[in-house]
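These notes are about the structure you will find just below.
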2 protein chains.
Amino acid sequence: MTESSLCVSKLMDELNKHIESIAGVPLFSELSADHLRDVVSICKLKNFSKHDFLFNEGDFYLGFYILLEGSVKVFKTNSDGDETVVHIVKPLTEFADIPLFEGIDYPVSAQCLEDCLVIFIPKEEFLKLIKEDHEISLKMLSGFAKRLKSLISQIEDLSTKEVVNRLAKYLIKEIKLKENENIPEPFVKLTIPRSTTASYLGTVTETLSRAFRKLQNEKVLRMHGKVVFIQDLKKLKELAK
Amino acid sequence: MTESSLCVSKLMDELNKHIESIAGVPLFSELSADHLRDVVSICKLKNFSKHDFLFNEGDFYLGFYILLEGSVKVFKTNSDGDETVVHIVKPLTEFADIPLFEGIDYPVSAQCLEDCLVIFIPKEEFLKLIKEDHEISLKMLSGFAKRLKSLISQIEDLSTKEVVNRLAKYLIKEIKLKENENIPEPFVKLTIPRSTTASYLGTVTETLSRAFRKLQNEKVLRMHGKVVFIQDLKKLKELAK
DNA sequence: TCACTAATCTGACTTAAGTCAAGGGAAATT
DNA sequence: AATTTCCCTTGACTTAAGTCAGATTAGTGA
């Protein structure tokens, strides 16, 4: 574990700087000031560098995380050593929260795709808070429900869509996330490694390259370094179905 | 909608007959008698015949179900009309509970694989109960967490395992479920249609047939009508990894 | 800036698995 | 009981995508 912990007073300052961010996390967005203070009191702020692991599949469970800055790949490793990326965590979202309620170890691994700032929330303390504040558990139910829907959709896509179509759907989703769907030429910055994107889409790097090339050949998009410009958004949406 | 509703007094009698079953559902297993009575008071008992639909993907959400008897396939249908079975519901488990917390319609369809007896619980009434009884929401969090883990595992398998290995894993799971792992020749009764099993495993009927044949050729199992006898459990477990 | 390493792209080849069609067996209906 | 319909198996063929190897590009550290 290579995270660098800040010294205590500096940490409290840093944490106070992030209270607004914490309040912006959907999980905590409707907490009263008192309860928000309770949550903050059990939080720990941690820095991780690119490539650092936050935890490994099978590690004894200590608590969950909220990503403030950076990005994290959440993945499983099978007996042959193959990785399946099941989630790419974006800022202001929680992860590693399943074992709060089920199991005693982390069911996945988590690795930083870039430098990260995260909040760590210990299991026991948080479960105490949950028992006092009903609103948090309802919020978590909502978060879990969203995630269940998303995973169900992933399974459907893996079973019935070809890689080009899965890529199209992924790009549409990224465009919507960045809210640049309505400019003349929407674009996506490919910030995460191609190998991670491929694994997330259930394929390998080579096949992902070929899928991009196919979309370029069909004039659906053009690539310029790490940026993908969408030339035919309508066509891309059709391919995403 | 072809469910047959029983008349009111008969229905209450029937429902009372099933209180023990309801109390046996993990979701309600630790409810006080008072709260259990509250739950029962909003429940409706419904019969469905084989092939009946309980609801279709996109239908406006009314409430969730607990399956008492029978089995139900939960599936999505894509734009080409292809089905992906995402879950096969067994007795004493709930389903269609995601939209209690997320969305306004059913994200999947549900069809009876055999005659079914189910309990229907309306959304609004249940949400009221949840807000009064914290224990239910914690139990639901646990149930959602289990399901998240299972779906994550499904995604991993679809991405990294071949069909034979997915079948092997499925059979191991069925054996464990039926608790006949320790008899000399464990067996699995294939009660659901092969096409449903295939879809659940992310493949098609033909490929599933070939996978069974491969396992027979390798003396891992033998088939006798609708029963699969496992001849080499150890080998099957290795194939399931 | 340069050398080295890692990531990505590309081509050739192989393979798992899907599609299509036909036949046999099982289940449902008359 | 006979007939019809549905389910499943099987073979032939096709295709999407994975594997392997090499070339090219991008990133990192001295």
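So you know, we letter chains A, B, ... as the sequences are listed, proteins then strands, and number each from 1.
For D:dA17, neither phosphate oxygen OP1 nor OP2 lies less than 4.0 angstrom from any side-chain nitrogen or oxygen of A:Thr203. Proximity of B:Arg194 to the phosphate of D:dC8: a side-chain N or O atom is located under 4.0 Å from OP1 or OP2. Taking side-chain N and O atoms only, B:Thr207 has a distance below 4.0 Å to OP1 or OP2 of C:dG18. Taking 4.0 angstrom as the limit, B:Arg213 places a side-chain polar atom (N or O) nearer than this to OP1 or OP2 of D:dG11.
The distance from atom CZ of A:Phe212 to atom C1' of D:dT25 is 16 Å, rounded to the nearest whole Å. Rounded to an integer number of Å, the gap from CG of A:Leu190 to P of C:dA7 is 16 Å. Counting to the nearest Å, the C1' atom of C:dT19 and the CG atom of B:Asp82 are 12 Å from each other. If you take CG of B:Leu158 and C1' of D:dA16, they are 16 Å apart, rounded to a whole angstrom. Whole-Å rounding puts the B:His224 NE2 to D:dT9 P distance at 15 Å. Across the protein-nucleic acid pair, A:Leu113 atom CG and D:dG27 atom P stand 15 Å apart, rounded to whole Å. Rounded to an integer number of Å, the gap from B:Leu208 CG to C:dA17 C1' is 12 Å. At whole-Å resolution of the value, NZ in A:Lys161 and C1' in C:dG18 are 18 Å apart.
Taking 4.0 Å as the cut-off between side-chain N and carboxylate O, A:Glu162 and A:Arg166 do not count as a salt-bridged pair. Ion pairing between a basic and an acidic side chain is recognised when a charged N comes within 4.0 Å of a carboxylate O; A:Glu114 and A:Lys50 show no such pairing. Between B:Arg222 and B:Glu185, at least one side-chain N (NZ, or NE/NH1/NH2) sits under 4.0 Å from a carboxylate O, which counts as a salt bridge.
As judged by a 4.0 angstrom heavy-atom cut-off over every strand, A:Lys214 is placed among residues making no nucleic acid contact.
The aromatic ring centres of B:Phe55 and B:Tyr65 sit less than 6.0 Å apart.
At a cut-off of 3.5 angstrom, counting only N and O atoms as typed in the model, there is a donor on one side and an acceptor on the other between the side-chain of A:Arg210 and the base of C:dG11. Counting distance only, with no hydrogens placed and no angle test, the side-chain atoms of B:Glu206 and the base atoms of C:dC20 include a donor-acceptor pair under 3.5 Å.
Proximity of A:Arg194 to A:Leu208: side-chain heavy atoms (C-beta onward) are separated by under 4.5 Å at one or more points.
Here the nucleotide nearest the side chain of B:Met223, chosen from D:dT9, D:dG18, C:dC9, is D:dT9. Comparing C:dA17, D:dC8, D:dG18 by their closest approach to the side chain of B:Val163 singles out C:dA17. Side-chain atoms of A:Glu162 lie closest to D:dA16 of the nucleotides C:dA28, D:dA16, C:dT8.
The 5' end of DNA chain D is approached more closely, in terms of each residue's nearest nucleotide, by A:Arg166 than by the other of A:Gly225 and A:Arg166.
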